[in-house]
Amino acid sequence: MIVEGMYPTDGRITAFGFINLKDDKYFFPVYNPCPVIRKEVLDKYPEINQIIDSMRELSETDMQHLNKAVDVDRESLKEASEAWLKEEGFIK
């Protein structure tokens with residue numbers, strides 16, 4: 001089945017058992033998360049930098065699962081992200 005309008009981190013991939021085809025023409029952009037934090041916040045809480053660095057391991061599959069939780073399972077952004085942060089040991 002060909003599905004148009006999906007990006008590599010789309011939650012429907014996980015939800016419906018789709019697979020990503022190799023994008024050998026590099027048509028789709030890479031969807032890597034990029035944190036944006038004000039300097040004043042980093043100056044006040046320097047430990048945030050270490051936490052952000054450790055989150056570089058957020059994989060395409062992780063992002064698919066998070067997007068599925070919100071887009072398909074209808075969890076709130078807060079619920080989905082909080083659950084992931086707990087599973088990965090970032091928060092208790």
Side-chain angles (χ1 to χ4, degrees):
M1 172 189 298
I2 297 175
V3 180
E4 293 184 32
M6 294 185 92
Y7 48 93
T9 58
D10 196 305
R12 294 172 293 177
I13 295 168
T14 299
F16 303 117
F18 297 149
I19 58 168
N20 279 334
L21 299 177
K22 182 173 172 56
D23 181 16
D24 58 354
K25 303 293 185 202
Y26 303 101
F27 178 79
F28 293 100
V30 176
Y31 289 94
N32 291 334
C34 177
V36 178
I37 304 171
R38 291 190 319 269
K39 183 178 181 328
E40 309 88 69
V41 174
L42 281 177
D43 289 345
K44 187 172 181 178
Y45 304 102
E47 65 275 11
I48 290 175
N49 211 20
Q50 182 180 0
I51 294 167
I52 296 296
D53 278 347
S54 63
M55 293 179 75
R56 290 178 197 247
E57 301 302 316
L58 182 65
S59 70
E60 190 173 274
T61 303
D62 290 332
M63 291 174 60
Q64 286 175 2
H65 287 287
L66 287 165
N67 285 328
K68 175 189 173 290
V70 174
D71 296 335
V72 177
D73 301 336
R74 299 294 185 214
E75 291 181 32
S76 70
L77 290 171
K78 182 182 186 302
E79 290 170 328
S81 57
E82 203 169 77
W84 183 83
L85 289 167
K86 286 179 181 176
E87 287 173 16
E88 296 299 316
F90 291 108
I91 62 174
K92 294 182 182 186

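The model shown is predicted, which means the values in this text are computed figures rather than measured ones.
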Salt bridge (Lys or Arg N to Asp or Glu O under 4.0 Å) involving D53 - partner list, sequence neighbours excluded: R56

Sequence neighbours left out, what passes side-chain contact (heavy atoms from CB on, under 4.5 Å) with E60? Give chain and number order. P8, T9, N20, Q64

Any pair with a residue in residues 66-92 that passes ring-ring contact (aromatic ring centres under 6.0 Å, His included), sequence neighbours left out, goes on the list, sorted by first then second residue, please. W84-F90

Apply salt bridge (Lys or Arg N to Asp or Glu O under 4.0 Å) to D23 and list each qualifying residue two or more places apart in sequence or on a separate chain. none

Tell me, please, which residues at least two apart from S81 pass side-chain contact (heavy atoms from CB on, under 4.5 Å). none

Treat each ILVMFWY residue as a node, draw an edge where side-chain heavy atoms are under 4.5 Å apart, and state whether L66 and I52 are in one component. no

Considering only Ile, Leu, Val, Met, Phe, Trp and Tyr, and joining two whenever side-chain heavy atoms are under 4.5 Å apart, list the other residues clustered with V72. none

Only counting residues at least two apart or in another chain, list the ones meeting salt bridge (Lys or Arg N to Asp or Glu O under 4.0 Å) with R38. E40

In chain order, what residues pass the side-chain hydrogen bond (donor to acceptor under 3.5 Å, both in side chains) check against D71, with sequence neighbours excluded? none

CG-CG distance between L77 and N67, expressed to the nearest 0.5 angstrom: 9.5 Å

Are any of the side-chain nitrogens in K22 or D24 under 4.0 Å away from the carboxylate oxygens of its partner? no

Using only atom types and a distance under 3.5 Å, with no angle test, would you say the side chain of D10 pairs donor to acceptor with the backbone of R12? yes

What donor-acceptor contacts under 3.5 angstrom involve side-chain atoms of residues 41-49, with partners at least two apart or in another chain?
unit_1 : atom_1 : unit_2 : atom_2 : d
D43    : OD1    : K39    : NZ     : 3.2
D43    : OD2    : K39    : NZ     : 2.9

Salt bridge (Lys or Arg N to Asp or Glu O under 4.0 Å) partners for K78, two or more places apart: E82

Could you tell me which non-hydrogen atom of K92 sits nearest to which non-hydrogen atom of K86, and how far apart they are? O-CE, 3.6 Å

